[in-house]
Amino acid sequence: MTESVPAAPLLTVNDLSMAFPIRRGVFKRTVGQLRAVDGVDLTITEGETLGLVGESGCGKTTLGRCIVRSYRPTSGRMQYRTAAGSSVEVAELSGEPLRDYQREVRLIFQDPFSSLNPRMTLRDLVGEPLRTHKIATGSELDDRVAEMLRKVGLRPDYLRRYPHAFSGGERQRVNIARALILQPRLVIADEAVSALDVSVRAQILNLLRDLQEEFRLTYLFISHDLSVVEYLCDRTAVMYLGRIVEQGPTRELFRAPRHPYTEALLGSVPRPDPDLRGQGRRKHLAEDLPDPGHPPSGCRFHTRCPYRRPQRCADESPELGATPGDRTVACHFADQLELTGIAPHHPEEEVPVP
Ligand SMILES: Nc1ncnc2c1ncn2[C@@H]1O[C@H](COP(=O)(O)OP(=O)(O)OP(=O)(O)O)[C@@H](O)[C@H]1O
Ligand SMILES: [Mg+2]
């Protein structure tokens, strides 16, 4: 966690939606829309690490891809403050301004095994963004790639090698080098350590922290591993079926959740001492995640919520509203519930062992 976080928003997302067509039958006719992201509000502050958590299929990757603009969102706004200090509307960008934006906002891919082309050397893999953005070629490109390899803990003389020669952790370092070679300001890490062994995971998390300090990076860290988010993230946003249901400083959100879904997610975090798990009051998620193509009416969580009340929860969709302590929550009864969180787990520098 960074020591002091400047308060300026780097990216402000408002009412963002991304719908995919649902196709059926031999002729692949469109029979409906799956709103993978459905009215998301989110603020990413300069210099922070914001965690984005939620069950598989809730829309985390889709949101990340809208932010890096590999998807053009269906509707909504994303205000980004550029290095030059001007404000741009990201959802509308195209051509040269879009390329400029995509230099500053980069994605680290999830899977260290499938995301690297086996026929490209490390020089070409890491140097590719320099070439496509026409920043460097030839020996200058070599120098910059070698320098970047050093920064991510790989030997510069690996330049001519192919990715198959490397372990999972080393490949993820290559992915990180690729993401950082253009000196971005905002980095979206989508399950960047999920595929790695526990010991390697800790090394990569520490590398991400070191690089954040060195390059003054802002991270959106997408993960369904709450232990990792607890360790790394200053603030956390909780996503459920395309919406943000709660957002706030990680420590407080974990200690005292205000949305029943956050409470339920925290119930799955491993803790060595069962006494820390809420004195047996913990609520578990009973049913499976509903079909994202046909989300429940009203509050989307009401079908699984142990605190739901008739009829309001089934009828009325709660807004994401501000509550004290820099926290937002979307629950009709947030101020009446006493929810159970989890006690802080680790001394400051300990790395999580899931
Ligand atoms: N290109 C696409 N076309 C159609 N549907 C899609 C597409 N990408 C994602 N979806 C659907 O959108 C929903 C959200 O998917 P997404 O990959 O964003 O979830 P996620 O939170 O990243 O899940 P995971 O934790 O498994 O990575 C899912 O129901 C998924 O099937
Ligand atoms: Mg995903």
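Read the numbers this way: they start at 1 and go in the same order the structure lists the ligands and their atoms.
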Without hydrogens or angle criteria, can the side chains of [X] and [Y] be said to hold a donor-acceptor pair below 3.5 Å?
X    : Y    : result
T49  : Q212 : yes
R209 : Y219 : no
Y261 : E55  : yes
N206 : Q203 : no

_Positive for side chain to side chain contact (heavy atoms under 4.5 Å, CB included) with I222, one of L63, I188, L107_ =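 So, applying the side chain to side chain contact (heavy atoms under 4.5 Å, CB included) to I222 and each of L63, I188, L107, only I188 qualifies.
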*Heavy-atom contacts with H224 under 4.0 Å: which atoms of ligand 1 show up? List them by number with element.*
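Reading through ligand 1 atom by atom, the close ones are 25 (O).
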*Numbered atoms and elements of ligand 1 in range of A36, under 4.0 angstrom, heavy atoms*: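 Checking each atom against A36, I get 12 (O), 13 (C), 14 (C).
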*Right, does atom 17 (O) of ligand 1 have protein non-hydrogen atoms nearer than 4.0 Å?*
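Yes, at least one protein heavy atom sits under 4.0 Å from atom 17 (O) of ligand 1.
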*asked:* Determine whether any protein heavy atom is located less than 4.0 Å from atom 30 (C) of ligand 1.
replied: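 No, no protein heavy atom sits under 4.0 Å from atom 30 (C) of ligand 1.
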*Is the Mg ion (ligand 2) less than 2.8 Å from at least one N/O/S atom of T61?*
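It does: T61 brings an N, O or S atom closer than 2.8 Å to the Mg ion (ligand 2).
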Give me the nearest non-hydrogen protein atom to [atom] as residue plus atom name, then the distance to 0.1 Å.
atom                    : answer
atom 23 (O) of ligand 1 : G57 N, 2.8 Å
atom 5 (N) of ligand 1  : F20 CD1, 3.4 Å
atom 24 (P) of ligand 1 : S56 OG, 3.5 Å

*Roughly how far, to the nearest 0.5 Å, is the CZ atom of R103 from the OG1 atom of T132?*
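It is 10.0 Å, given to the nearest 0.5 Å.
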